[in-house]
Undergrad: 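To start, I am sharing the structure in question, which I have written as structure tokens.
Since we're looking at a predicted model, the values are computed, not measured.
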Amino acid sequence: IGIEGTERFLSPDKGRGLRAVRHFAVGELVFACPAYSYVLTVNERGAHCEHCFTRREDLFKCGKCKQAYYCNVDCQRGDWPMHKLECVAMCAYGENWCPSETVRLVARIIMKQKVTTERTPSERLLLLREFEAHLDKMDSEKEEMNQADIAALHHFYSRHISDLPNEQALTELFAQVNCNGFTIEDEELSHLGSAVFPDVALMNHSCSPNVIVTYKGTVAEVRAVQDINPGEEIFNSYIDLLYPTEDRKERLLDSYFFTCQCTECTTKSKDKAKMEIRKLSSPPEPEEIQSMVRYAKNVIEEFRRLLEMCELSQEKMGAIFADTNVYMLHMMYQAMGVCLYMQDWDGAMSYGEKIVQPYSVHYPAYSLNVASMYLKLGRLYLGLEKKTQGVRALKKALAIMEVAHGKDHHYVAEVKREIEEQK
């Protein structure tokens with residue numbers, strides 16, 4: 001038991017933490033931790049194996065539900081204890097099967113806890129049941145979300161999990177998962193799924209972390225990104241470190257219920273560069289800057305809501321309208337625009353893919369709307385290194401543009417050049 005080269009200890013002002021008992025060089029693996037429980041996100045079904053998260057083209061699907069995909073029979077067998085919770089339910093509920101990813105993960109944790117008596121390889125230093133829940137610090141909004149999750153768990157899983165834990169235990173478990181869960185991401189930081197890694201959760205946060213967590217399948221790997229000396233605490237970052245100190249502190253307090261006191265938060269050494277202001281004849285007052293930050297945050301939040309609204313309205317309309325219905329297409333087009341603005345290229349691409357075929361059917365043979373959609377999609381593909389698909393889409397745009405714009409238009413020349421560059 002334990003993780004070689006490290007030890008669990010009581011960190012001053014932070015509670016328990018992890019520290020090094022030997023030197024770790026930059027790039028060195030500090031430890032790896034298999035997921036205690038995990039779930040592949042619904043959007044990645046068919047592209048990744050549900051069991052090992054391998055990304056490949058030739059996966060085969062579960063014969064019963066036709067929703068889960070696997071590398072081979074071994075992966076399918078390995079996943080069955082968890083997949084069986086959802087397989088029958090997905091068939092029974094059909095379109096109405098929609099538990100959130102957190103609910104799906106918690107169902108799997110409950111199942112695993114039922115059959116697990118020993119400490120797992122994911123809990124060499126910290127047990128899942130030792131997770132902090134911070135129930136006393138939850139506001140009413142978080143409590144409501146927690147209650148909705150519990151209701152969804154009962155609704156979608158009570159038939160498949162005999163005797164679910166009581167309300168109090170579930171409230172605690174959901175709070176623990178919300179505070180200690182991880183999102184598994186690929187090399188482009190696209191979301192692949194959610195998981196719990198107890199030993200990784202032992203590490204405290206710093207805004208200048210000395211380790212970074214990456215994922216190999218469903219295993220988390222922790223590597224040093226600074227030299228770590230014996231006796232030093234090992235720090236991970238819980239959040240996106242792009243933003244200035246006040247913003248980071250707010251995020252940490254809201255999601256993890258603590259006020260960060262790391263060196264970056266006390267020195268604020270990067271804040272000036274992060275909050276660069278234009279050189280103006282009369283520099284703006286601090287109040288003006290604060291008010292502009294508030295405005296920026298509101299706009300970002302609005303866009304997030306907009307995207308959510310687009311997605312919700314698609315779900316609602318999708319109960320009656322097919323994906324090719326023009327009102328569905330309009331919502332998807334709006335959602336694609338929001339994704340582009342927020343630089344969520346993958347999201348924009350998947351909307352574009354759904355829109356472009358029906359557009360070709362609904363619009364006349366030579367339509368600027370269809371051409372522009374192929375153009376957007378082609379450029380997205382190329383940006384995401386999908387060369388073949390990118391060139392194919394640009395050629396379709398070109399075929400329309402040569403007619404609509406004329407062969408000698410500079411736009412046409414530009415698209416031709418983009419295609420040539422890919423050869």
Side-chain angles (χ1 to χ4, degrees), residues 43-44 46-47 55-58 186-191 242 276 278-280 295-296 299-300 302-311 313-314 317-318 321-423:
N43 289 344
E44 290 297 333
R55 175 173 57 202
R56 52 192 278 185
E57 302 280 311
D58 56 343
D186 70 7
E187 77 280 18
E188 289 188 355
L189 298 186
S190 295
H191 178 82
L242 178 67
E276 191 71 50
R278 287 193 181 281
K279 305 276 182 284
L280 301 167
Y295 170 76
V299 170
I300 291 167
E302 281 300 302
F303 268 102
R304 201 186 55 74
R305 276 220 198 92
L306 250 177
L307 195 54
E308 222 166 73
M309 210 174 88
C310 291
E311 283 166 358
S313 60
Q314 281 171 57
M317 291 170 5
F321 293 164
D323 276 356
T324 53
N325 179 299
V326 292
Y327 293 103
M328 286 292 276
L329 293 173
H330 181 97
M331 285 319 300
M332 287 184 207
Y333 185 78
Q334 297 294 338
M336 184 182 182
V338 175
C339 287
L340 288 170
Y341 183 86
M342 292 171 78
Q343 302 193 349
D344 169 10
W345 312 126
D346 286 294
M349 181 185 76
S350 68
Y351 280 120
E353 289 174 332
K354 287 185 187 140
I355 295 168
V356 75
Q357 274 328 103
Y359 261 27
S360 312
V361 174
H362 300 324
Y363 279 110
Y366 295 102
S367 154
L368 295 181
N369 300 74
V370 179
S372 79
M373 186 50 69
Y374 272 122
L375 209 47
K376 278 183 184 147
L377 198 50
R379 286 168 176 166
L380 274 168
Y381 280 139
L382 294 182
L384 295 167
E385 316 249 317
K386 296 177 189 292
K387 194 169 158 177
T388 324
Q389 287 149 290
V391 170
R392 198 180 305 141
L394 288 182
K395 281 182 174 168
K396 297 228 177 184
L398 188 64
I400 298 169
M401 290 170 74
E402 284 187 331
V403 172
H405 291 81
K407 289 190 173 171
D408 54 356
H409 196 291
H410 64 91
Y411 282 164
V412 170
E414 215 168 285
V415 178
K416 277 187 173 160
R417 195 167 56 245
E418 286 175 69
I419 294 169
E420 278 304 306
E421 279 167 6
Q422 297 307 314
K423 283 183 179 164

Undergrad: Taking all non-hydrogen atoms of both residues into account, name the closest pair between Glu402 and Val412 and its distance.
TA: CG-CG1, 3.9 Å
Undergrad: What is the distance from atom CG of Leu377 to atom CD1 of Ile355, rounded to the nearest 0.5 Å?
TA: 9.0 Å
Undergrad: Are any of the side-chain nitrogens in Arg304 or Glu308 under 4.0 Å away from the carboxylate oxygens of its partner?
TA: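 Yes, Arg304 and Glu308 are salt-bridged.
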Undergrad: Look only at the side chain of His362 and the backbone of Thr324, and say whether a donor-acceptor pair between them is shorter than 3.5 Å.
TA: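 Judged by distance alone, yes, a pair lies under 3.5 Å.
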Undergrad: Pair Val299, Phe303 - check side chain to side chain contact (heavy atoms under 4.5 Å, CB included), show working.
TA: CA-CA 6 Å; Val299 170; Phe303 268 102; 3.8 Å; yes
Undergrad: Identify the two heavy atoms, one from Tyr374 and one from Ser360, that lie closest to each other, and give their separation to 0.1 Å.
TA: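 Closest heavy-atom pair between Tyr374 and Ser360: OH-OG, 3.6 Å.
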Undergrad: Between the side chains of Glu302 and Arg305, is the shortest nitrogen-to-carboxylate-oxygen separation below 4.0 Å, so that they form an ion pair?
TA: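 A salt bridge is present here (some side-chain N lies under 4.0 Å from a carboxylate O).
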Undergrad: Donor-acceptor pair, distance only, cut-off 3.5 Å: does the side chain of Gln314 make one with the backbone of Cys310?
TA: yes
Undergrad: Out of Lys423, Lys416, Gln422, which one pairs with Glu420 under the side-chain hydrogen bond (donor to acceptor under 3.5 Å, both in side chains) rule?
TA: Lys423
Undergrad: When you look at CE of Met342, are more than 12 heavy atoms from neighbouring residues, nucleotides or ligands closer to it than 6.0 Å?
TA: yes
Undergrad: What's the separation between atom CG in Asp58 and atom CZ in Arg56, rounded to the nearest 0.5 Å?
TA: 4.0 Å
Undergrad: side-chain hydrogen bond (donor to acceptor under 3.5 Å, both in side chains) for Tyr381 and Glu353? Distances and angles first, verdict last.
TA: CA-CA 10 Å; Tyr381 280 139; Glu353 289 174 332; 2.6 Å; yes
Undergrad: For Leu329 versus Lys354, what's the shortest heavy-atom pair and its separation?
TA: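 Distance-wise, the nearest heavy atoms are CD2-O, 4.2 Å.
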Undergrad: Between Arg379 and Glu418, is there a salt bridge with N-O shorter than 4.0 Å?
TA: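 Result for this pair is yes, salt bridge flagged.
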